[in-house]
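Keep in mind that this is a model prediction, so the values were computed, not measured.
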Amino acid sequence: TQHGPPGVGKSYIAEVIADAFFSGARLEINGMDLRDEKQGLNKIQGSAPGYVGSEQERSLLTKFFKENPRGGVIVLEEADYIHSSIMKLFVNMITSKEFVDGIGNKFDTSRYMIKINTNQGQEFMVPSGMDEKMNWEQYMARRAALVENVTIDGKTVERVRQDKLDSAFNSFIEKIVQDSSTGEDMGGAVAQEAQKLKRRMKATYILGPTREELEEVARFKMAKELASIELEYGVKVSITDADIIKIVDLDQFDFAKGFSYVHGQIEEKILQYVRGIIGKTEKELHLKLVETKDELGKKLQALSIKTDTEEYKYNFPQDLDADKNPWATNQEMKKRILNFASGMSEHLKGNAKQIMETKELLKLKQTDWGTRVVITQLGTTGNGKTEFFKSMAKTLFDDENALLELRDVKSPQDLQNYFRPPKGIKGADEETDFEKKFKTRLNSGGGIILLDELLTFDTKNPEAIRN
């Protein structure tokens with residue numbers, strides 16, 4: 001069992017253990033769901049043979065053991081509320097190294113760890129019902145009263161006093177047994193049952209953080225946010241440790257509100273600082289975009305493509321109303337464009353400059369729906385040109401199928417592989433695979449059209465390219 005106030009890292013420790021030893025295999029169960037003996041046992045063991053649903057193997061543990069045969073961590077959150085018979089079942093899984101579900105499936109539990117989290121003992125650090133603010137000095141005084149210094153391997157370390165740990169552990173066990181008892185006064189039976197559980201469980205207490213530890217948390221969070229700014233905007237921001245400590249200002253916190261509040265305050269103060277940087281950066285980028293757009297407009301206005309019969313001029317598109325721009329109100333797309341660089345990095349390595357340039361085009365498209373986003377990739381075979389667009393499809397549309405490819409179009413006749421012929425010609429009533437895919441994407445938020453192997457297109461015949 002691990003005791004301590006909320007927010008000190010009891011759940012996080014289970015995550016770390018699962019990642020380090022069990023490839024992330026972790027099952028989290030809330031004790032509030034196991035208060036009732038019958039319902040709780042049905043949830044973790046499943047129905048017995050003959051009962052409705054027994055053949056469906058509804059047991060949480062059965063599913064977890066089958067999916068993770070090499071072991072894992074079972075985390076019992078808010079364990080104070082678990083019925084005593086259910087708690088004994090979990091403890092027996094460790095001592096007997098076996099679990100049997102409702103329909104008789106047996107599992108070897110020797111490779112699994114059970115971690116029990118409880119807030120019992122939190123009053124040593126964060127007193128309940130405290131009306132006044134608890135400042136840093138008061139918090140540290142309570143922390144100092146909870147620990148003692150011991151020497152281990154020649155080093156002096158802090159350790160929770162044994163009497164305090166015993167008190168927290170006893171409160172936890174007695175609460176479980178008493179809450180589960182049916183009689184008004186179980187007396188000796190309660191004490192006896194509590195002693196059985198105590199002999200089979202090990203208790204630890206997670207202390208609240210020191211100033212140095214909280215400052216380290218602040219530095220880590222700040223570094224993470226600034227790295228994100230550099231990745232998203234290409235802007236590197238430097239800041240000293242002294243400035244981070246000044247921004248966070250730990251002395252202003254009310255520690256009576258608990259450590260989840262403390263961590264939330266650290267994050268909020270850092271985000272306020274970061275938002276200021278982002279606002280300034282986006283304003284500068286927007287000014288550059290406006291200049292670029294004006295220059296681009298002039299160039300495109302003058303662009304013309306000549307053929308033997310006609311002259312086709314490109315007219316720079318006018319802005320459309322916001323209600324005609326599906327990206328203007330699509331919050332999910334806004335988020336994907338904002339996080340485009342980090343999203344691409346999940347699927348693609350390198351190409352940072354190209355990713356940032358593409359992001360700026362997408363942001364322009366978002367504000368001006370008339371803008372046509374055209375990206376040309378040059379390079380040798382196998383250097384990742386197609387992979388870039390596949391990654392883009394997954395980042396923007398969460399679907400690699402959002403990439404629509406046209407290839408091997410050497411003449412207008414080759415277009416029939418992608419588009420059906422005009423009415424009156426055989427095959428005009430049958431949609432091609434490309435048209436079906438295109439229609440699907442129209443109903444799914446759009447996509448990316450890739451003209452692959454462009455050199456195979458008939459450059460001697462401009463009509464082919466125009467088509």
Side-chain angles (χ1 to χ4, degrees), residues 218 220-239 244 247 263-264 266-294 296 317 319-375 377 384 387-403 441 444-450:
F220 172 77
K221 288 182 181 292
M222 181 66 81
K224 185 178 178 183
E225 294 297 333
L226 295 185
S228 178
I229 288 178
E230 184 176 1
L231 185 64
E232 294 291 338
Y233 298 96
V235 176
K236 190 165 186 175
V237 181
S238 298
I239 186 170
I244 295 175
I247 290 167
H263 285 288
I266 290 175
E267 190 155 323
E268 179 58 32
K269 293 195 173 197
I270 287 173
L271 286 176
Q272 284 178 3
Y273 173 78
V274 168
R275 286 188 199 112
I277 296 174
I278 291 175
K280 182 180 177 183
T281 303
E282 288 195 330
K283 186 175 181 181
E284 292 172 354
L285 286 172
H286 178 70
L287 291 174
K288 289 179 183 177
L289 268 177
V290 170
E291 293 172 6
T292 304
K293 180 182 171 183
D294 289 343
L296 185 64
D319 287 356
L320 299 178
D321 294 334
D323 59 350
K324 296 179 182 178
N325 180 352
W327 282 10
T329 55
N330 188 325
Q331 296 301 317
E332 181 61 30
M333 183 56 76
K334 284 183 178 181
K335 183 178 177 183
R336 287 173 185 262
I337 293 173
L338 178 65
N339 300 317
F340 182 72
S342 55
M344 287 289 282
S345 67
E346 292 181 11
H347 310 293
L348 191 73
K349 302 300 179 186
N351 299 285
K353 185 173 184 294
Q354 187 180 8
I355 289 172
M356 289 306 300
E357 289 172 348
T358 303
K359 178 180 176 178
E360 294 309 314
L361 282 173
L362 295 172
K363 288 168 68 177
L364 186 59
K365 174 80 173 175
Q366 192 175 28
T367 55
D368 176 9
W369 187 243
T371 298
R372 271 58 169 172
V373 177
V374 181
I375 303 166
Q377 291 269 28
E387 197 59 38
F388 182 90
F389 291 110
K390 286 183 179 179
S391 301
M392 194 171 163
K394 287 185 278 191
T395 300
L396 289 179
F397 304 102
D398 202 25
D399 186 359
E400 193 174 299
N401 291 321
L403 184 67
R441 291 314 313 169
S444 304
I448 300 166
I449 298 175
L450 173 61

Verify, without hydrogens or angle tests, whether K221 (side chain) and I266 (backbone) share a donor-acceptor contact under 3.5 angstrom. no

Tell me, please, which residues at least two apart from A402 pass side-chain contact (heavy atoms from CB on, under 4.5 Å). A393, F397, R441

Between CD on residue Q354 and CZ on residue F388, distance to nearest 0.5 Å: 4.0 Å

Can you list the residues that meet the salt bridge (charged side-chain N to carboxylate O under 4.0 Å, His left out) rule with E387, with sequence neighbours excluded? none

Could you tell me which non-hydrogen atom of S391 sits nearest to which non-hydrogen atom of L348, and how far apart they are? OG-CB, 3.7 Å

Could you pull out all residues at least two apart from E357 that satisfy side-chain hydrogen bond (donor to acceptor under 3.5 Å, both in side chains)? K353

Using side-chain contact (heavy atoms from CB on, under 4.5 Å) as the criterion, list what pairs up with K335, not counting sequence neighbours. N339

K394: partners by salt bridge (charged side-chain N to carboxylate O under 4.0 Å, His left out), with sequence neighbours left out: E400

Could you work out, with side-chain contact (heavy atoms from CB on, under 4.5 Å) as the rule, every residue matching D398, not counting sequence neighbours? R336

Before giving the answer on side chain to side chain contact (heavy atoms under 4.5 Å, CB included), spell out for Y273 and M222 the whole-Å C-alpha distance, their side-chain angles and the decisive distance to 0.1 Å. CA-CA 9 Å; Y273 173 78; M222 181 66 81; 3.7 Å; yes

NZ (K334) with more than 12 external heavy atoms under 6.0 Å: yes

Interatomic distance, OG1@T395 vs CG@L362, rounded to 0.5 Å, equals 10.0 Å

Residues forming a side-chain hydrogen bond (donor to acceptor under 3.5 Å, both in side chains) with K269, sequence neighbours excluded: none

With sequence neighbours left out, the residues meeting salt bridge (charged side-chain N to carboxylate O under 4.0 Å, His left out) with E346 are none

For I375, enumerate each residue passing the side-chain contact (heavy atoms from CB on, under 4.5 Å) test, keeping only those at least two apart in sequence or located in another chain. T358, L361, V373, F389, M392

Atom pair CD1/CD1 of I247 and I270 - distance to nearest 0.5 Å: 7.5 Å

Pairwise distance CD(Q377) to CG(L450) - rounded to 0.5 angstrom: 9.0 Å

Give, for atom CG of L396 and atom CE of M344, the distance between the pair rounded to the nearest 0.5 Å. 8.0 Å

